[in-house]
Amino acid sequence: FIFSLNAKLPRHAIVPASGIWGMLGYTTKVSLISTQPYLVPALAGYGVITLGGPLWILHRYRKHWSATTSILNNLFWSTADNEVFVDAVIEWSGIGKCGNSKRIG
């Protein structure tokens with residue numbers, strides 16, 4: 001959405017040149033913000049919404065996601081076989097990386 005919005009909005013405005021050149025019909029390009037300063041609060045509001053919205057959602061549901069993570073972890077470890085425990089301990093401790101330990105079985 002941001003890329004499509006950025007592509008559709010013009011970044012420059014064409015205005016008459018200053019002085020005698022403007023009276024003769026010459027034009028120049030200037031920044032859109034310099035010709036229409038009321039867009040600055042709109043851009044600031046857009047930034048607050050696009051950055052603040054997801055942060056607000058993350059903050060609001062942090063406890064819910066933490067509880068869900070605990071439930072899923074407990075469910076996994078309560079249904080895991082003993083072999084999964086052994087493999088996990090070997091992997092997390094780094095014993096399997098030494099090359100000198102082999103599992104029996």
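Both backbone and side-chain heavy atoms feed into the values below; hydrogens, waters and symmetry mates do not.
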Within one Ile-Leu-Val-Met-Phe-Trp-Tyr cluster: V40 and V48, side-chain cutoff 4.5 Å:
no
Of all heavy-atom pairs between [X] and [Y], which one has the smallest distance, and what is that distance?
X	Y	answer
S78	L75	OG-O, 3.0 Å
F76	V84	CZ-CG1, 4.2 Å
P54	I49	CD-O, 4.0 Å

Please determine which of T69, N74, T68 meets the side-chain contact (heavy atoms from CB on, under 4.5 Å) test together with L72.
T68
For the residue pair H64 and Y61, categorise the inter-ring angle as parallel (less than 30°), tilted (30 to 60°) or perpendicular (more than 60°).
perpendicular
Is the number of heavy atoms from other residues, nucleotides or ligands under 6.0 Å of N82 CG greater than 12?
no
F85 CZ: over 12 foreign heavy atoms closer than 6.0 Å:
yes
